[in-house]
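Note sheet for the following structure.
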2 protein chains.
Amino acid sequence: MKQIESIKEFGGFLNRYVHPSSSCHCDMTFSVFLPSVAQNEKVPALYWLSGLTCTDDNARTKGGMQRYAEEHGIALVFPDTSPRGADVPDEADRYDLGQGAGFYVNATQAPWNRHYHMYDYITDELPKLIESELPILGNVKSISGHSMGGHGALVCALKNPGSYRSVSAFAPICNPMECGWGQGCFSAYLGNDKEEWKDYDATELVKSGARVDTLLIDQGTADEFYDEGQLLPENLQEACNSEGQELVLRMQPGYDHSYHFIASFVGEHIAYHAKHLKC
Amino acid sequence: MKQIESIKEFGGFLNRYVHPSSSCHCDMTFSVFLPSVAQNEKVPALYWLSGLTCTDDNARTKGGMQRYAEEHGIALVFPDTSPRGADVPDEADRYDLGQGAGFYVNATQAPWNRHYHMYDYITDELPKLIESELPILGNVKSISGHSMGGHGALVCALKNPGSYRSVSAFAPICNPMECGWGQGCFSAYLGNDKEEWKDYDATELVKSGARVDTLLIDQGTADEFYDEGQLLPENLQEACNSEGQELVLRMQPGYDHSYHFIASFVGEHIAYHAKHLKC
């Protein structure tokens, strides 16, 4: 892995790296914010999964998270949202399929199945890499994300009990099988057998008995994609209620789907994760 | 003036407006963050002037300022950095002259002299407009900015004693007459008589006796434009020392010219302005 950028921020460093990925069969770029305390000791990490069209850059530039990570002494890990490159299949005229839209699954269908293994990349390859190369504690991690990345955070945590100390999400796609974005990507990446889709659907995973210790979700009520039925937090809420899974779902009046919404509440999310990462 | 966007953030609202400008003879766009308290009472305003290539969007998206403005109950005003539009002269292949590079002067030379009156726009037209249309206190304002906008903040304050309660800047162009960016814009906008340039040069203004009550500047030591000699804070420091103008110039070790640098210290700047705006 090669460091390609390092920017001092809040006393820590916002670094960017490129490495050849064995999961995705291409070079992958990611960023890490290391708080100042990481100059002397290993720190826990919060993984942040971004949404459709994003790279590693959006959240680190617009999320306003680094200040809180410095305060709590935790690292932030910003992966890309898909494999990238000229050799990687894409749908150039669609923002919601292909590059920038990996949906955090392991694709099984051609032409996606060689490169689109974001699930393995996020849950296995990237943590191993950064825990060996950077001052980041082994296996003391939490996960959060936005929209498609909120879906990713929920699914990664639900499918790996004990791997993440805490999970949260902003306006996540809670039930991708039942919305346009999810159906478009799942049919392309996973094929037409909907039983296969359930394995990457937070609502279905909860219904099947998957559990996390604690779960925090913020959803703006003025979010156009919520209005369109892309996010469906009520479906997850209903599954959690039926199954006895704790869920703190906060409907935030008047907030939209943008990073301004994230910035408004990410301090509370990072404090929540820090509490679990440091206990 | 017409509101074209409103985004809820930190309990307040980040609004965007368009209006026909009498100073610039074109439609101008700006953004204002109104903290939640502005729903019930008028609040003081901090003007933020952005740097080369920016619009009103950069600082509001990347600066991380709104959180602090909400805490202190002050509005943030984000003007554009130049006149805009198909009728407005531009140098399409240059980032440092024309649209996006108004340099906060009143241009006297063709073809710039019809539209490029950013000095009048910032110091007179825009405050009158927002103080009449928005819940913003009359004449209780401060000013800050970055790079070209830092230059703008210093010049607006030095030329208008008593108009701004406080002034600060991040990596400002302190002595534009002596750097490439300033010489390029001043010769185009103001002509070849360098005596005319002195009226928009913070270092020269201090030498000529202009004063502000208080002045705070942060400059990163790893700033490539500082290394290139575009910013020249030492020249301003020397003038302030000779003339008895107070200046707090903080050289911030390892910080660059980016919004990550601004985000790291803008909380301290907003606290400083809030102290002066609310006393």
Side-chain angles (χ1 to χ4, degrees), chain A residues 5-16 31-36 39 54 56-71 76 78 170-171 218-224 226 250-271, chain B residues 5-16 31-36 39 54 56-71 76 78 170-171 218-224 226 250-271:
Chain A
E5 193 178 69
S6 182
I7 299 172
K8 193 168 177 185
E9 187 168 22
F10 294 103
F13 286 92
L14 179 61
N15 296 336
R16 180 176 268 162
S31 291
V32 176
F33 175 72
L34 291 170
S36 56
Q39 288 158 40
C54 291
D56 65 311
D57 192 52
N58 301 66
R60 65 180 220 154
T61 301
K62 302 194 286 184
M65 306 174 187
Q66 287 88 307
R67 178 211 161 140
Y68 306 103
E70 171 65 21
E71 275 177 20
L76 299 173
F78 302 105
F170 290 81
D218 273 322
Q219 171 63 56
T221 64
D223 180 331
E224 65 184 293
Y226 172 61
R250 309 192 302 187
M251 299 305 289
Q252 301 286 5
Y255 286 88
D256 69 8
H257 198 71
S258 74
Y259 273 91
H260 299 288
F261 160 58
I262 296 170
S264 299
F265 299 102
V266 78
E268 295 173 32
H269 282 237
I270 290 181
Chain B
E5 193 178 71
S6 183
I7 299 172
K8 193 168 178 186
E9 186 169 22
F10 293 106
F13 285 92
L14 180 61
N15 296 336
R16 178 175 269 163
S31 291
V32 175
F33 175 72
L34 291 169
S36 57
Q39 288 158 40
C54 290
D56 64 310
D57 192 52
N58 300 66
R60 67 181 218 153
T61 302
K62 302 193 287 186
M65 305 174 186
Q66 287 88 308
R67 179 212 159 140
Y68 305 104
E70 171 64 21
E71 275 178 20
L76 299 173
F78 303 105
F170 291 81
D218 274 321
Q219 172 62 57
T221 63
D223 179 332
E224 64 184 296
Y226 173 62
R250 309 191 302 187
M251 300 303 291
Q252 299 287 6
Y255 285 88
D256 69 9
H257 198 71
S258 74
Y259 274 90
H260 298 288
F261 160 57
I262 297 170
S264 299
F265 298 102
V266 78
E268 295 174 30
H269 283 237
I270 291 180

Find the distance between [atom1] ([X]) and [atom2] ([Y]) and round it off to the nearest 0.5 Å.
X	Y	atom1	atom2	value
Arg16(B)	Glu5(B)	CZ	CD	5.0 Å
Phe33(B)	Phe10(B)	CZ	CZ	7.5 Å
His260(A)	Ile7(B)	NE2	CD1	4.0 Å
Thr61(B)	Asn58(A)	OG1	CG	11.0 Å

request  = Identify which part of Gln66(B) has an atom lying under 4.5 Å from any heavy atom of chain A, answering side chain, backbone, both or neither.
outcome  =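 Contact with chain A: side chain only.
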query = What option among Glu70(A), Arg60(A), Gln252(A), Glu9(A) has the most heavy-atom pairs under 4.5 Å with chain B?
reply =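 The candidate making the most pairs under 4.5 Å is Glu9(A).
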request  = Output the option from Phe265(B), Tyr259(B), Tyr68(B) having the highest count of non-hydrogen pairs under 4.5 Å with chain A.
outcome  =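 That would be Tyr68(B).
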ask   = Picking from Ala263(B), Gly267(B), Gly220(B), which has the most non-hydrogen pairs under 4.5 angstrom with chain A?
value =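 Going by pairs under 4.5 Å, I would pick Ala263(B).
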inquiry  = Has Lys62(B) got a side-chain atom pairing as donor or acceptor with Ile262(B)'s backbone, closer than 3.5 angstrom?
reply    =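 Pair absent, no side-chain N/O of Lys62(B) close to backbone of Ile262(B).
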query = Is it the side chain or the backbone of Ser258(A) that comes within 4.5 Å of chain B heavy atoms, both, or neither?
reply =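 Just its side chain gets close to chain B.
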